[in-house]
Each structure stands twice: as C-alpha cells, then as structure tokens.
Enquirer: 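The structure follows.
Chain A is the first sequence line, chain B the second, and so forth, proteins listed ahead of strands; every chain is numbered from 1.
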Number of protein chains: 2
Amino acid sequence: MEKKPPRGTRKREVPLTEAGIYAAALRLIDADGVEALTMRKLATSLDANPMSLYHHVPNKDAVLRGVARMVGTQFRTVTLEDAPWQERIRLLATDFRTLAHRHPKLMAYSFSHQADFIQPEDPFWVSLAAILDAAGVPHSELPQIAALVCAVITGVLTAELNGALNQWSSLKPPTVGEDVLAPPDSDENGVFRLALDTIITGLESRLATDG
Amino acid sequence: MEKKPPRGTRKREVPLTEAGIYAAALRLIDADGVEALTMRKLATSLDANPMSLYHHVPNKDAVLRGVARMVGTQFRTVTLEDAPWQERIRLLATDFRTLAHRHPKLMAYSFSHQADFIQPEDPFWVSLAAILDAAGVPHSELPQIAALVCAVITGVLTAELNGALNQWSSLKPPTVGEDVLAPPDSDENGVFRLALDTIITGLESRLATDG
DNA sequence: ACCTGAACACCGTTCAAGT
DNA sequence: ACCTGAACACCGTTCAAGT
C-alpha cells in the first residue's frame, strides 16, 4: 500500500493543459450547470492552485468559449447525398439534438450567450448549406434560409432544454373548461419533430412557388 | 438654492417599494445587461442601503423574476377577430417582437433562463390559443402547436437579440468562391418575417391535410 | 415596521515572488 | 517556463442591533 499524500498536496498525474482544463470544466458544467462553474472549483477539480489556470487560459470567459468550441467540434453527422433534402435536414437536426442532449447545460448556455457558437466552417453549417443548396434554394437566399433554420432548431432546443417546451405543451387550451389535464410529461420528441416538419413543409412550399 | 445633502445621505423622495425596486432594476438591466445587475448597485441607484432591499424582496433571483413579470404584463396586442388567422398570428408575433426590442437584454435573459416566462393567463398565450383555435387546429393538438409557435418565435428573437441571426445571415454560402461579402448589417426584419411566413405556411398545409 | 453596519463565505483576477 | 500565496475589489446574504 502506498501512503496517500496529505489532502491538498496530492500530485497531479497529468500536467495542466488547455485541453485538460476544458475537459474538467465540461465535467463540472455537466454536473452542476454553467453558473456553478468557478475558477477556484475548476482548479480544485484538477488538484491545482486556482492561479495556475491563468498560465494556460486568459480568463473564465475563455474557458467557457473553449469548452463550447470543444463540444462543437464533437458534432458528427452522416451525409446522405442521395436522400431527399427533407430527410437529410431531419437527420442533421436530430444529430444536433443528440449532441445537445449530451451536454444540455452547456448547450443551453451557448445558444443564448455565444452568438458565434455555430461557425461557417463547422460541419453543421456546411452540411446545412449543402442540403439547402441541393434542395434548390437560390444562392442569394441561402444565408437567410440557413439562418432561419439555425434559429428555429436552436430555439426549439433551448425551449426543450430549459423545460419551457414541456410546460407549454402541457397547458390545456384556456377556452374550454372540461378538458382533462395534460399528461405530466408530454412528449418532447413529438414537439421537436412537429416543429421540424412544419418548417420543412413551409420551405417546400416556398421552393415550389419559386421554381 | 437649496443645499444638497452630502453624498450618500441624500434622502429618497420615494419610499422603497417592491414595484420601485423592479423599475430601478429594469433601468439598470436596460443600460448594462442582466449580468451587471447587482443588489448593491441596485440599492445605490435607489439611494438605499443594500440590505434595505431585503425587506421588500427575498433575494436577487426574485428581483429578476419580478422584473420579467412586470415587463411581461406590459404586453399588449389588438385582437382582430375578423382577420384571417395568418394575419392575426403575424400581428401577435410582431407585437411581441416590439416588446422584446424595448427591453432586449432582459428578454434575452428571460427566454433562456425562465421556463415559465410565458404563463397560461398571459395575453400572449391566450391570444395565441384563440388564433390557433380559430384557424381550426384540433383541441387535442393545440398545446403542442402553440408550444411550437412559442418556441420558434422566442428562438428567432433570441438569435436576433444576441446577434446570432445577423451573423448567420451574413455568412456567404461556403460552396461558391466568387461571391461578394454579405452587407455588414443584413436585414433582420427580413429573416424574422421569413421565419414567420415559413411556419405559417407549414401550419397551413398541416391544417389543409387534416380537414 | 423598517432600516442599517458589520460580518461571512464566497467570487475573478493581479502581482510579486518563488522553483 | 511554470507555479503559488497574498491581496484587491468585488459579490449575495445573515444577523444582531438600532429607530
């Protein structure tokens, strides 16, 4: 048996690195939320002195941006060149949703606080542009249409992640009196798919009248 | 000329009240953002001791919720019973957008942090439910459809308020090389209206196939 | 009833000093 | 080059004491 060094002086097995700091921050965020992340707690979780972090990262905001970028990089989707664009956009959206569900606290934060979370070189944006192009969206309209799709997807996901979607869809229609109460946990999958189908149908009809 | 009392002991003309605290908080939020709001600064702006606030308000979170509720109460929209539901939903959305533009920092915060920001008795929700009912949405689907409309509107507004919409819609399509850069400030009005039109069209076609 | 000063347990970050 | 302790300028909130 080795003797454990006294608490607080235990040596790190791994040297402090930028990537290691982001990974530890992500663990804390997944567990307790972005607002509970503290440079001091982050350092403690790495067995480091709080001030040591500042040799690898300029400040807390950079940590949050770094974590968001790291997670964004993990996004993967398969490209189905031959499938209809409706199917492809559905797949893209659900793949993105899967990532959002893996790190809900971080993603909810990123959607609302980091306007540059989705970048032009990101696979999400590249795929989206390719799909809309394949669907026949004119180049002149493509940025606006892509922006609208992004906004709708992140908007519905935000509402889902923070519970608003669930609350709204359990409200009974206020005009009638004899309805039963909605089930305690209404189907969020359903509302997400509904939103997706609705904008896809809307885009379909826009493309039909254009061409 | 009256002699001003020395700095820091100037007497309040108005006694401290819950509503007065919310109003002062809103002024600070409009000016500097939610994250800059501090119980201590809030007290200073009211010429009060920081601790005096706690006799009218339980804590900072209650202040934020109170401010959000106060602003939410200000929402007004006219009811055009006779207009087609497409027109009515457009008007409801733009009225809501007007309110969001009046207090962008607070609304962006509320959308992402307060799942219960839109409540069942709020005029926004009541109007939305009435319009969808008039449009012929079956009662059984109404909560889900209303939730989807809420999520899309708040989602697009969030993206607009935090600048993401503008950034996304200025990205040039990544596949082509010879495009000119998008104009520095692309038309957000346009993207908002585009999103609105797209979900309205999507809903239209869903209602058509239902009936 | 309403207000207040002191205090507690935290923050992020700077800086001079150590190895 | 990397780490660290002390310190600074803040936070939200509790509590005992004042009027």
Enquirer: Hey, could you give me the CD1/CG distance between A/I131 and A/L91, rounded to the nearest 0.5 Å?
Expert: 7.5 Å
Enquirer: Check the angle between the aromatic planes of B/F117 and B/F96 and answer parallel, tilted or perpendicular using the 30° and 60° thresholds.
Expert: tilted
Enquirer: Which part of the nucleic acid, if any, lies within contact of A/M39, taking any heavy atom under 4.0 Å across all strands shown: a base, the sugar-phosphate backbone alone, or nothing?
Expert: sugar-phosphate
Enquirer: Nearest whole angstrom, please: distance from the P of C/dA9 to the CZ of A/R40.
Expert: 14 Å
Enquirer: I'd like to know whether CZ of B/R90 has more than 12 heavy-atom contacts from other residues, nucleotides or ligands below 6.0 angstrom.
Expert: yes
Enquirer: Tell me the interatomic distance from A/L46, atom CG, to D/dC3, atom P, rounded to whole angstroms.
Expert: 11 Å
Enquirer: Closest approach to the side chain of A/N49, judged atom by atom: which nucleotide of C/dT4, D/dG5, D/dC3 is it?
Expert: D/dG5
Enquirer: Considering every strand shown, what is the Watson-Crick or G-U wobble mate of D/dT13 when both distances are under 3.5 Å?
Expert: C/dA7
Enquirer: In this structure, how many angstroms lie between the C1' atom of C/dG12 and the CD atom of B/E35, rounded?
Expert: 15 Å
Enquirer: Please determine, for the side chain of B/S52, which listed nucleotide (C/dC3, D/dT13, C/dC15) has the closest atom?
Expert: C/dC3
Enquirer: Quick one: CE on A/M107 to CD1 on A/I29, what's the gap to the nearest 0.5 Å?
Expert: 12.0 Å
Enquirer: How close or far is atom P of D/dT14 from atom CG of B/N59, stated in whole angstroms?
Expert: 8 Å
Enquirer: To the nearest 0.5 Å, what is the distance between CD1 on B/I153 and CG on B/L148?
Expert: 9.5 Å
Enquirer: Side chain of B/Y54, heavy atoms from C-beta onward: which of D/dT13, D/dA6, C/dC11 has the nearest atom to it?
Expert: D/dT13
Enquirer: Would one find a side-chain N or O of A/H56 under 4.0 angstrom from OP1 or OP2 of D/dC3?
Expert: yes
Enquirer: Name the closest nucleotide to the B/H55 side chain, picking from C/dC3, C/dG5, C/dT13.
Expert: C/dC3
Enquirer: Can you tell me how far C1' of C/dC11 sits from CG of A/L37, to the nearest Å?
Expert: 12 Å
Enquirer: Can you tell me if A/T38 touches the phosphate of C/dC11, counting only side-chain N or O atoms and a distance under 4.0 Å to OP1 or OP2?
Expert: yes
Enquirer: In whole angstroms, how far is the C1' atom of C/dC10 from the NZ atom of A/K60?
Expert: 12 Å
Enquirer: For C/dG18, what is the paired nucleotide under Watson-Crick or G-U wobble rules, both distances under 3.5 Å?
Expert: D/dC2
Enquirer: Rounded to the Å, how far apart are A/L42 CG and C/dG12 C1'?
Expert: 13 Å
Enquirer: In whole Å, what is the span from the CG atom of A/L53 to the P atom of C/dT14?
Expert: 13 Å
